[in-house]
Amino acid sequence: MAHDHGSHDHGSAGHSHGAGHVHGSTDKKRVLIAACLTGGFMVAEALGGLLTGSLALLADAGHMLADSIALGLAWYAFHLAGRPATGRLTYGFGRVKTLVAYTNGIAIFVIALWIVYEAWGRLLHPSPVLGGPMLVVAVAGLLVNIASFFVLHGGDRESLNMRGAILHVLGDLLGSAAAIVAAIIILVTGWTPIDPILSVLVSLLILSTAWSLMREAAHVLLEGVPASLDRDVIAKDIEGAVKGVREVHHMHVWSLDGTSNMATLHACLNDGVDAHMAVSAIKKRLAAKHGIEHATVEPEFGQCADSHDEHDRHHDHDHDHAHDAPRDRRHYH
């Protein structure tokens with residue numbers, strides 16, 4: 001098929017890519033600082049947990065161990081994303097950030113399940129906890145996590161990779177806060193079961209956020225339509241707003257990394273319409289109205305350029321799955 005690539009809106013796209021590069025460079029530094037802070041204090045907190053017998057401290061140290069590794073991976077993902085595209089990876093390495101975000105979500109699940117398992121054992125067989133030293137270590141951990149959180153919080157919150165990094169540090173922050181509360185209760189009342197109980201509560205709190213992150217990252221990896229866009233609405237908008245466009249079909253809308261939206265489509269044009277002008281107008285409309293900076297548009301006159309057999313095969317496939325998308329009546333492929 002002959003795709004028209006000649007009329008991308010390079011001005012707006014260049015601005016977007018430039019802004020993205022600035023965000024990426026800044027986020028990369030933020031993640032590296034957070035990784036160093038988290039990894040450095042993780043050793044001290046693990047030793048404190050072993051010394052005091054506190055599961056809350058050990059759980060938080062486990063969080064920080066996984067998080068320092070995850071933050072290191074996030075930093076490396078930003079590093080790879082800055083590399084240019086190659087002949088084999090024509091979109092570059094931008095999607096590595098989404099892969100890391102998905103992996104971070106899985107890591108949080110594993111850590112949370114381990115904490116629940118350990119907490120159950122502690123409840124069945126309570127062990128002594130040194131409340132004083134536990135409180136000192138927990139307060140120090142909280143300060144480190146607050147510093148890491150504010151370093152990351154100034155980054156690009158639309159980036160799944162950055163959100164994954166923030167989620168890890170937020171889990172550590174909650175863990176340190178829970179350890180402080182547990183230490184105070186143990187010092188005042190001597191009731192040690194509060195230590196595993198609060199550890200489980202923190203795990204449950206971060207599980208829902210981890211699930212949301214994994215779901216969004218998986219949607220990007222499956223090249224689903226971004227949540228902020230509606231493919232059918234976009235197609236109808238082009239048909240109504242761009243002069244000379246009779247119909248839009250074979251339309252795909254997806255995101256490369258959760259922030260950069262892309263689209264491909266076939267545009268059936270009325271006879272006599274200038275194809276180049278129509279394609280240019282469609283791309284400008286996609287960029288200005290829908291935030292899609294990179295689009296491939298195939299102009300058509302009369303019959304679709306795809307073979308009749310392929311068109312029928314797509315049509316039959318969509319008909320078989322009509323119950324999955326009842327609003328999609330015109331079979332945009």
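The figures here come from the full heavy-atom set of this structure, side chains too, leaving out hydrogens, waters and symmetry mates.
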Output the distance between atom [atom1] ([X]) and atom [atom2] ([Y]), rounded to the nearest 0.5 Å.
| X | Y | atom1 | atom2 | answer |
| --- | --- | --- | --- | --- |
| Ser280 | Arg285 | OG | CZ | 14.0 Å |
| Leu51 | Leu130 | CG | CG | 6.0 Å |
| Asn270 | Arg246 | CG | CZ | 6.0 Å |
| Glu247 | His266 | CD | NE2 | 11.5 Å |
| Lys283 | Leu265 | NZ | CG | 9.5 Å |
| Ser255 | Leu221 | OG | CG | 10.5 Å |

message = Does atom OH (Tyr117) have a neighbourhood of more than 12 heavy atoms from anything else shown, all under 6.0 Å?
response =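 Count not over threshold, so no.
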inquiry  = Can you confirm whether more than 12 heavy atoms, excluding those of Met262, are under 6.0 Å from its CE atom?
reply    =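 Enclosed.
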Is there a continuous path of hydrophobic side-chain contacts, each under 4.5 Å between heavy atoms, that joins [X] to [Y]?
| X | Y | answer |
| --- | --- | --- |
| Phe301 | Val297 | yes |
| Ile146 | Val139 | yes |
| Met134 | Leu201 | yes |
| Val273 | Met277 | no |
| Val31 | Phe150 | yes |

Beyond-backbone contact of [X] with [Y], side-chain heavy atoms, under 4.5 angstrom:
| X | Y | result |
| --- | --- | --- |
| Leu286 | Ile238 | yes |
| Leu37 | Val169 | no |
| Val248 | Ile282 | no |
| Arg95 | Glu223 | yes |
| Thr38 | Val144 | no |
| Leu256 | His294 | no |

Examine distances only and state if a side-chain atom of [X] and a backbone atom of [Y] form a donor-acceptor pair shorter than 3.5 Å.
| X | Y | answer |
| --- | --- | --- |
| Arg30 | Leu152 | no |
| His219 | Val225 | yes |
| Glu293 | Ser260 | no |
| Thr103 | Leu99 | yes |

Any idea which heavy atoms bring [X] and [Y] closest together, and the distance?
| X | Y | answer |
| --- | --- | --- |
| Phe93 | Pro84 | CE1-O, 4.0 Å |
| Leu269 | Pro299 | CD1-CB, 3.8 Å |
| Arg231 | Met251 | CD-O, 3.3 Å |
| Val242 | Ala278 | CG1-O, 4.2 Å |
| Cys304 | His249 | SG-NE2, 3.5 Å |
| Phe109 | Trp211 | CE1-N, 3.8 Å |

Which side-chain N or O atoms in residues 39-50 pair as donor and acceptor under 3.5 Å with protein atoms at least two apart or in another chain?
none

Please output the side-chain donor-acceptor pairs of residues 178-197 that fall under 3.5 Å, not counting sequence neighbours, one pair per line with the distance.
{"from": "Thr189", "atom 1": "OG1", "to": "Ile185", "atom 2": "O", "distance (Å)": "2.7"}
{"from": "Thr189", "atom 1": "OG1", "to": "Trp191", "atom 2": "N", "distance (Å)": "3.2"}
{"from": "Asp195", "atom 1": "OD1", "to": "Ser54", "atom 2": "OG", "distance (Å)": "3.1"}
{"from": "Asp195", "atom 1": "OD1", "to": "Ala56", "atom 2": "N", "distance (Å)": "3.0"}
{"from": "Asp195", "atom 1": "OD2", "to": "Leu55", "atom 2": "N", "distance (Å)": "2.7"}
{"from": "Asp195", "atom 1": "OD2", "to": "Ala56", "atom 2": "N", "distance (Å)": "3.4"}

Pairs flagged by side-chain hydrogen bond (donor to acceptor under 3.5 Å, both in side chains) wherever residues 132-152 is involved - sequence neighbours left out =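 Sorted result for residues 132-152: Asn145-Ser176.
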